[in-house]
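Bear in mind that the values here come from a model prediction, so they are computed numbers and not experimental data. Every heavy atom of this structure was used, including side-chain atoms; hydrogens, water molecules and symmetry mates were not.
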Amino acid sequence: MADSQENQSNNEKSVIRDTDDEARKLAKELIRTARFGALAALEPETGYPLASRVAVATDLDGTPVILISTLSGHTSAILANPACSLLVGEPGKGDPLAHPRISLFCKARRVERETDEHARLRRRYLSRHPKAELYVDFGDFSFFALDLQRASLNGGFGKAFELGKDDLLTDVADVLAWSAMESGAVDHMNEDHRDAIKLYAEVLLNAEDANWRLACLDPEGLDLVAGDRIVRLWFQEQLADPARLREALVALALQARNQN
């Protein structure tokens with residue numbers, strides 16, 4: 001009987017693959033490129049899980065960020081119990097279950113207004129969802145950071161992984177320095193180097209011809225957007241210092257021009 005239980009336990013464990021760098025990169029890309037997700041939280045009145053669609057952005061380190069109204073049911077749910085989960089990963093053609101997706105186990109945290117964090121998240125969120133500028137500053141809307149605890153990654157049939165917090169987040173040694181640099185760099189690239197951004201998307205990432213712009217950046221890469229489309233361009237290595245950003249952007253532009 002004990003042997004049978006042990007064999008059953010081993011078979012169950014074998015479904016989960018060992019986490020490797022490829023799984024970590026896929027998990028991060030699903031989070032970074034998500035436009036929306038399904039947020040699940042427990043209703044305080046009934047205890048039943050409530051699933052709602054929310055628009056998603058990320059902080060510099062990859063923490064998911066949502067902007068929601070205090071009038072919504074999921075806001076009262078996460079205020080009563082911050083434990084929640086967020087499913088991201090948009091299906092393409094064919095079987096939706098064949099496409100990668102990730103379930104993030106999080107603790108929701110309201111971001112206070114008039115803080116550096118709020119200003120940073122407001123800027124990054126609006127770069128992904130510019131139409132939200134119509135209501136972002138309404139008094140009944142708040143940003144919530146979904147602080148990651150762990151995740152379940154399904155990379156397609158037979159590709160299941162369990163990831164921890166350290167597998168999902170990008171180490172940002174100096175958040176204030178990166179935030180200050182990001183704001184100016186994004187504006188500069190979009191105003192003066194749209195040709196390079198177009199090459200990043202269409203040559204290095206084989207994206208379709210579109211009016212691409214730079215939305216956000218972080219120590220590991222760039223998020224490029226064109227309308228509802230989002231693509232992720234990774235640096236060859238993580239940048240420890242924001243002072244290295246210009247060098248990395250120039251190198252990517254040169255690589256794209258050589259490939260074009």
Side-chain angles (χ1 to χ4, degrees), residues 21-22 24-35 56-65 111 115-130 132-133 143 145 147-148 165-207 210-227 229-260:
D21 288 342
E22 184 178 350
R24 294 184 185 95
K25 186 174 181 180
L26 174 58
K28 288 182 177 182
E29 182 142 357
L30 287 170
I31 298 169
R32 293 284 192 183
T33 59
R35 293 180 50 243
V56 178
T58 61
D59 199 353
L60 280 164
D61 65 354
T63 297
V65 176
V111 178
T115 62
D116 291 335
E117 182 183 22
H118 188 277
R120 180 177 73 250
L121 297 184
R122 183 184 186 280
R123 184 182 71 246
R124 290 179 62 89
Y125 188 92
L126 290 178
S127 73
R128 301 286 291 271
H129 305 287
E133 192 161 9
F143 283 109
D147 293 329
L148 295 169
K165 181 177 180 179
D166 292 341
D167 297 315
L168 303 166
L169 295 176
T170 302
D171 183 30
V172 184
D174 190 335
V175 173
L176 292 180
W178 272 100
S179 180
M181 177 279 308
E182 180 194 28
S183 178
V186 168
D187 290 344
H188 172 66
M189 290 295 294
N190 285 325
E191 291 170 5
D192 299 332
H193 298 288
R194 293 296 287 269
D195 57 334
I197 295 172
K198 188 175 181 66
L199 289 172
Y200 293 161
E202 296 173 16
V203 176
L204 297 183
L205 297 174
N206 295 316
N211 185 27
W212 293 99
R213 62 180 178 83
L214 175 59
C216 306
L217 56 87
D218 57 78
E220 288 191 312
L222 313 172
D223 295 337
L224 309 174
V225 300
R229 291 156 291 182
I230 303 172
V231 292
R232 173 78 173 174
L233 180 60
W234 297 88
F235 297 135
Q236 290 187 347
E237 61 180 19
Q238 183 173 333
L239 306 182
D241 187 335
R244 294 188 55 203
L245 177 65
R246 184 180 183 279
E247 173 189 345
L249 294 175
V250 170
L252 287 172
L254 180 60
Q255 178 187 347
R257 291 190 174 98
N258 287 338
Q259 291 180 207
N260 194 16

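- In this structure a side-chain-to-backbone donor-acceptor pair under 3.5 Å is missing from Asp167 to Arg24.
- By the 4.0 Å N-to-carboxylate-O rule, Arg32 lies too far from Glu220 to be salt-bridged with it.
- Counting only heavy atoms from C-beta outward, the side chains of Ser179 and Leu60 approach each other to under 4.5 Å.
- Using a 4.5 Å heavy-atom cutoff, the side chains of Met189 and Leu217 are not in contact.
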- request: Assess whether side-chain contact (heavy atoms from CB on, under 4.5 Å) is satisfied between Leu245 and Met181, documenting all intermediate values.
  value: CA-CA 9 Å; Leu245 177 65; Met181 177 279 308; 2.9 Å; yes
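- Between the side chain of Arg194 and the backbone N or O of Arg213, no donor-acceptor pair lies under 3.5 Å.
- Rounded to the nearest 0.5 angstrom, Cys216 SG and Arg120 CZ are separated by 11.5 Å.
- Distance check, rounded to the nearest 0.5 Å: CG of Leu233 to CD of Glu29 gives 9.5 Å.
- Judged by distance alone, the side chain of Arg244 and the main-chain N or O of Asp241 form no donor-acceptor pair under 3.5 Å.
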Test log, rule side-chain contact (heavy atoms from CB on, under 4.5 Å), inputs Asp218 and Thr58: CA-CA 10 Å; Asp218 57 78; Thr58 61; 6.0 Å; no
message: Using the rule given for salt bridge (Lys or Arg N to Asp or Glu O under 4.0 Å), can you reason through Asp187 versus Arg123, listing the C-alpha separation, both sets of side-chain angles and the distance that settles it, and then say yes or no?
response: CA-CA 11 Å; Asp187 290 344; Arg123 184 182 71 246; over 6 Å; no
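- In this structure a side-chain-to-backbone donor-acceptor pair under 3.5 Å is present from Gln238 to Asp171.
- Residues Asp195 and Arg257 are paired through a salt bridge, judged by an N-O separation under 4.0 Å between the basic side chain and the carboxylate.
- Although no hydrogens or angles enter the test, the distance criterion places a donor-acceptor pair under 3.5 Å between the side chain of Asn258 and the main chain of Leu254.
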